[in-house]
Amino acid sequence: MSGMGDGYVGTAQDAVRIRRLEKQREAERQKIQELKTKSASEKGQPGLLQFGSSTSEILETAFKKETVGLVTREQYVEKRVNIRNKIEEEEKEKLQKLQQEEEELQLQKRKKRKIKGSSRLSFAEDIEDGSEEEDAENKSSDATRVWCGRLGKDPTVETSFLPDSEREAEEQAERERLRKQWLVEQDKIRNEPLQITYSYWDGTGHRKVLQVRKGDKIGDFLRAVQQQLAPEFREVRTTSVENLLYVKEDLIIPHQHSFYELIVNKARGKSGPLFHFDVHEDVRTIADATIEKDESHAGKVVERHWYEKNKHIFPASRWEIYDPTKKWERYTIHGD
């Protein structure tokens, strides 16, 4: 190779680059030679454009050659007009030719871009001339970036686990709608009537029935009980609501709890469920200790002074404060 010694040893990329440069030089030499040949052939022709001459100079040169000797005024004007028209037509043809070549070049570029764009997920060779040499030269640095840029999305891949702001907004709106719907339903449940069978306990039972709402608290219930019992029991009439206790299934229910909480949480006591407020017994033909008893007892309303004085005596000795975190696995035998 020219410009290289016998002892030089280059890489494959150097060899490719040298071959490409030699081809470019050869193409430039051919173009220069063609221009020289074309320029030589056009010399002496008055009707053709010459390199480096303006339109006015060409027009004057051609006109002088056509008007050698004596000519009439009409011939003078006619020849000048003819020469000018001929030169303008040649310039127009050359301009149209250049525009046509430019359009063809742009069309070829668009076709190449279209071919490259349609060959996604394909490792086919480039259609451009000399693409093999360019790929070999840039293989070490650009191959990964070029082919990664051609990869497209696979519509069959599962993408539901990826973040999606629009989907998350829809899910959040749906959760909010369900939350509001649940709150409306719970308010409806709280306003439902609830009939409670209870027994005022002063050593003996006095069974009564009272209707409240499921959302009422135990304190509200005891206030209604006091109003119901006041005409009949003097000690209830003279005491306050805070001194009345509600005992259900051997558990003393604090005033701040509501019947709704007991029902929704399926609360259980030592001797039966805390979410049933009627009275029914467990009627079975065969006793089975592995099956939980289904029976409900009337809750007791007692005056706190009586409880403090008799809490060491049955049944008050079995009573204890209700604890929502404490679970009762089986119901024990209830003594009424």
Side-chain donor-acceptor pair present, Arg175, Gln172, cut-off under 3.5 Å: yes
Are the side chains of His257 and Pro324 in touch, meaning some heavy atoms are under 4.5 Å apart? yes
With Tyr246, the side-chain contact (heavy atoms from CB on, under 4.5 Å) member among Ile196, Val225, Ile252: Ile196
Supply the atom-to-atom distance Leu183 CG to Lys188 NZ, rounded to the nearest 0.5 angstrom. 15.0 Å
Side chains of Asp202 and Val302: closer than 4.5 Å at any heavy-atom pair? no
What closest approach, in Å, do Gly205 and Ser199 show between heavy atoms, and which atom pair accounts for it? CA-OG, 3.3 Å
Within this structure, what is the CG-CG distance for the pair Leu229 and Leu222, rounded to the nearest 0.5 Å? 10.0 Å
Please assess Leu107 against Glu104 for the test side-chain contact (heavy atoms from CB on, under 4.5 Å), listing each intermediate value before the final yes or no. CA-CA 5 Å; Leu107 181 61; Glu104 291 178 355; 5.6 Å; no
Not counting sequence neighbours, list each pair that qualifies as a salt bridge (Lys or Arg N to Asp or Glu O under 4.0 Å) and has a residue in residues 232-241. Lys208-Glu232
For the CD atom on Glu166, are there more than 12 heavy atoms of other groups (residues, nucleotides or ligands in this structure) within a distance under 6.0 Å? no
Close side-chain approach of Lys92 to Leu95, heavy-atom, < 4.5 Å: no
Do Val212 and Val301 land in one hydrophobic cluster if side-chain heavy atoms of ILVMFWY residues count as linked below 4.5 Å? yes
Within 6.0 Å of NE2 in His206, more than 12 heavy atoms from elsewhere: yes
What are the two closest non-hydrogen atoms of Arg17 and Asp14, and how far apart are they? NH1-OD1, 3.1 Å
Could you tell me if the ring centre of Tyr198 sits under 6.0 Å from that of Phe221? yes
Should Arg167 and Glu171 be marked as a side-chain contact (heavy atoms from CB on, under 4.5 Å) after you check the CA-CA gap, both sets of side-chain angles, and the distance that decides it? CA-CA 6 Å; Arg167 185 179 65 243; Glu171 292 176 353; 3.7 Å; yes
Beyond-backbone contact of Gln96 with Gln100, side-chain heavy atoms, under 4.5 angstrom: no
Any donor-acceptor pair under 3.5 Å linking the side chain of Asn265 with the backbone of Ala267? no
Which value, rounded to the nearest 0.5 Å, describes the distance between Trp306 atom CH2 and Leu245 atom CG? 10.5 Å
List the atom of Val241, the atom of Gly219, and the distance in Å for their closest heavy-atom pair. CG1-O, 3.8 Å
Mind checking the CZ-CD1 spacing from Phe259 to Ile253? Nearest 0.5 Å is all I need. 9.0 Å
What distance separates Leu262 CG from His276 NE2, expressed to the nearest 0.5 Å? 12.0 Å
Looking at every heavy atom in both Gly215 and Ser258, which two are closest together, and how far apart are they? O-CB, 3.9 Å
Would you call Arg19-Glu22 a salt bridge at under 4.0 Å N-O? no
Scan side-chain atoms only and decide if Gln106 and Glu102 contain a donor-acceptor pair under the 3.5 Å cut-off. yes
Show the numbers, then the answer: is there a side-chain contact (heavy atoms from CB on, under 4.5 Å) between Leu194 and Arg213? CA-CA 5 Å; Leu194 177 65; Arg213 295 182 309 149; over 6 Å; no
Find out if a path of hydrophobic residues (ILVMFWY) with successive side-chain heavy-atom gaps under 4.5 Å connects Ile189 to Val264. yes
Salt-bridge present (Lys326, Glu320; N to O < 4.0 Å): yes
Thinking salt bridges, do Lys214 and Glu192 make one under a 4.0 Å N-O criterion? yes
Thinking salt bridges, do Glu176 and Arg179 make one under a 4.0 Å N-O criterion? yes
Rounded at 0.5 Å granularity, tell me how far CG in Asp250 sits from NZ in Lys300. 7.0 Å
Start with the C-alpha distance between Glu91 and Ile87, add both sets of side-chain angles, then the distance that settles side-chain contact (heavy atoms from CB on, under 4.5 Å), and finish with yes or no. CA-CA 6 Å; Glu91 290 180 348; Ile87 291 176; 4.0 Å; yes
Does Lys311 use its side chain to pair, donor to acceptor, with the backbone of Arg318 at less than 3.5 Å? no
Considering all heavy atoms, the nearest Tyr260-Arg190 contact: CE2-NH2, 3.4 Å
Is any side-chain heavy atom of Thr197 less than 4.5 Å from a side-chain heavy atom of Arg207? yes
Looking at Asp220 and Lys217, is there a salt bridge between them, counting it only when a charged N and a carboxylate O are closer than 4.0 Å? no
Under the criterion salt bridge (Lys or Arg N to Asp or Glu O under 4.0 Å), I'd like the reasoning laid out for Glu28 against Arg25: C-alpha separation, chi angles, the key distance, then a yes or no. CA-CA 5 Å; Glu28 291 175 357; Arg25 293 194 194 100; over 6 Å; no
His255-Glu242 side chain donor-acceptor pair, cut-off 3.5 Å: no
Does this structure show an ion pair linking Lys31 with Glu34, if we count only N-O contacts that are shorter than 4.0 Å? no
From CA spacing to verdict: side chain to side chain donor-acceptor pair (under 3.5 Å), Tyr200, Glu303: CA-CA 9 Å; Tyr200 174 64; Glu303 202 270 327; over 6 Å; no
Indicate if Ile313 and Trp319 have the same hydrophobic cluster label, given that clusters are the connected sets of ILVMFWY residues with side-chain heavy-atom separations under 4.5 angstrom. no
With the side chain counted from C-beta on, respond yes when Leu251 and Leu274 share a heavy-atom pair under 4.5 Å apart, and no when they do not. yes
Would you call Trp201 and Val247 a side-chain contact if the rule is heavy atoms closer than 4.5 Å? no
Test item: Pro193 and Gln211 side chains (from C-beta on) under 4.5 Å apart, heavy atoms: yes
Of all the heavy-atom pairs spanning Thr239 and Val236, show the shortest one and how long it is. CG2-O, 3.3 Å
